[in-house]
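Heads up, the thing below is written out as structure tokens.
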Amino acid sequence: MDIFRIEGPVRLSGGVTVNGSKNASLPIMAATILAGGKSVLSAVPHLSDISVCSQLLSELGCKVTRNKNGDLCIDSTVIDNPVGDYEIVRRMRASICILGPLLARCGRAEVSMPGGCAIGYRPIDIHLRGLRELGAKIHIRNGYVIAEAKNGLTGKELFMGGPFGSTVLGTANVLMAATLAKGRTVIESAACEPEIADLANCLNKMGAKITGIGSPRLVIEGVKQLHPVEYEVIPDRIEAGTFMVAAAITAGQLQMHNCRLDDMMAVVDKLRSIGVTIEATDDGCVVARNGSIKPADITTQPYPGFPTDLQAQFMALLSLADGNSIIIEKIFPDRFMHVAELSRMAANLRKEGPTVLVAGVKKLIAAPVMASDLRASAALVLAGLAAEGTTTVNRVYHIDRGYERIEERLNPAGAKIIRESV
Ligand code: EPZ
């Protein structure tokens with residue numbers, strides 16, 4: 001198992017290139033199930049979650065390889081085992097997004113129900129409700145979702161809002177299934193996240209007829225078949241946001257390449273109010289902080305609101321603010337595994353339900369800490385860059401799920417992160 005030893009404090013200065021989006025890549029990989037033949041996806045990052053998804057597709061019957069350019073090639077000519085096994089799904093919840101495309105392509109799918117999750121209870125009831133509305137017969141047996149649509153799916157107008165707003169992968173599942181349904185589907189209260197827009201754009205390139213992309217009302221005219229695709233996934237806005245916080249927390253300056261500010265308005269707005277400057281460039285931006293960190297209030301929301309996937313990283317940043325901040329988590333109310341670990345680094349945090357009061361401190365102090373989930377772990381790395389002393393982050397595999405070799409990308413800009421196998 002790898003650990004990080006992070007020496008701080010440092011001041012980052014240099015450039016960093018943002019990778020393709022993990023959360024766009026995963027549903028797009030699943031979308032290749034919809035069309036027999038060989039698809040080529042570029043800018044898919046080298047992450048453990050991508051490897052798990054590749055294994056999942058291989059078990060269905062697909063052939064998944066990387067070509068010499070690093071593109072991910074998925075040959076989905078044969079799908080002869082429409083089963084998402086528990087052993088894979090338990091390693092990555094996003095596996096559930098094969099359910100819709102398998103059902104549409106094979107008329108049947110068996111996918112393990114995702115189990116517990118470090119960021120809280122994550123039901124899939126809205127996914128199932130949506131697929132049922134399209135005519136699927138669904139039941140749960142031995143921990144598996146068994147879905148059938150022997151005579152195909154039929155388009156329908158359906159509402160996909162839930163207690164916390166829209167659902168990203170629920171929208172992905174129903175959207176993919178609807179592309180091959182008979183007639184027109186309208187998804188009202190669809191997720192508007194850029195990753196869903198990217199999926200919809202990829203599906204259209206495969207021959208689907210989707211309009212309203214990027215809006216909460218997606219309209220899908222079903223087609224008889226889709227064809228394989230060559231597609232490049234969008235840059236990862238969460239990785240970009242994490243690097244922006246790295247520049248901010250170290251009072252440094254980073255030139256970010258391959259970064260789409262248009263996808264990050266809530267984040268950019270918040271950083272500016274905190275005292276961070278962000279200047280757009282041709283392929284990204286320059287992020288810098290000179291003055292003190294101003295306190296801020298953050299409420300996570302579905303896109304275009306502030307993303308839950310950057311809540312932990314901003315908590316690390318605001319721990320060093322000149323005053324008190326409030327962070328309210330409205331997507332995953334229990335997503336606070338980082339609070340106890342940041343407190344071990346001398347952050348002054350008080351959690352009350354889905355709210356954390358962050359009283360700014362003058363400095364963070366290094367400590368051994370435990371990575372718990374992907375974004376919580378990223379917050380610990382950020383805190384380690386700014387803390388006095390050597391922070392040890394255990395269970396680095398959580399970080400490797402979503403950030404490709406983060407140490408090799410931040411060290412050239414002045415970070416001192418050493419990976420060790422223990
Ligand atoms: C996606 O998860 C992302 N994962 C998550 O990123 C991200 O945190 C989340 O969206 C929210 O933005 C991928 O894209 C692979 P949701 P998803 O369904 O789709 C409730 C990361 O760190 N809900 O949009 O599973 C749910 O409990 C990860 O990269 C239901 O009630 O999230 C939550 O409160 C972690 N019923 C809210 O909706 C359902 O059927 C939003 O969840 C589905 C969801």
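A quick note: this is a predicted structure, and the numbers were derived from the prediction, not measured. Note that ligands are numbered from 1 as they come in the structure, with each ligand's atoms numbered from 1 the same way.
- For ligand 1, the polar-atom distance check finds an N/O of T167 within less than 3.5 Å of one of the ligand's N/O atoms.
- Residues D198 and Y231 bring a donor and an acceptor atom of their side chains to less than 3.5 Å of each other.
- With 3.5 Å as the limit, one finds no donor-acceptor pair spanning the side chains of Q313 and H338.
- Both the backbone and the side chain of P123 come within 4.0 Å of ligand 1, counting heavy atoms alone.
- Residue contacts with ligand 1 for D373 are absent, since no atom lies close enough (heavy atoms, distance under 4.0 Å).
- When only modelled atom types and interatomic distance are considered, T308 and R335 share a side-chain donor-acceptor pair under 3.5 Å.
- When heavy-atom distances to ligand 1 are checked against a 4.0 Å cut-off, R93 has no atom that comes that close, whether in backbone or side chain.
- Applying the salt bridge (Lys or Arg N to Asp or Glu O under 4.0 Å) test to every pair with at least one member in residues 212-222, sequence neighbours left out, gives these pairs: R184-E221, E188-R217.
- Heavy-atom proximity to atom 35 (C) of ligand 1, evaluated over H398, R335, R375, is greatest for R335.
- With a heavy-atom cut-off of 4.0 Å, D309 touches ligand 1 through its side chain alone.
- What sits closest to atom 2 (O) of ligand 1 on the protein, heavy atoms only, is R122 NH2, 3.2 Å.
- Against a heavy-atom cut-off of under 4.0 Å, Y121 is close to the following atoms of ligand 1: 27 (O).
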Name every donor-acceptor pair, under 3.5 Å, that has one atom in a side chain of residues 148-167 and the other anywhere in the protein, sequence neighbours excluded.
unit_1, atom_1, unit_2, atom_2, d
E148, OE2, R108, NH1, 2.7
K156, NZ, E133, OE1, 2.9
T167, OG1, G170, N, 2.9

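- Numbered from 1 in the order shown, with element, the atoms of ligand 1 that lie under 4.0 Å from a heavy atom of T308 read 8 (O), 11 (C), 12 (O).
- Near A94, meaning under 4.0 Å from one of its heavy atoms, ligand 1 places the atoms 15 (C).
- Under 3.5 Å, the side chains of S39 and E230 contain no donor-acceptor pair of N or O atoms.
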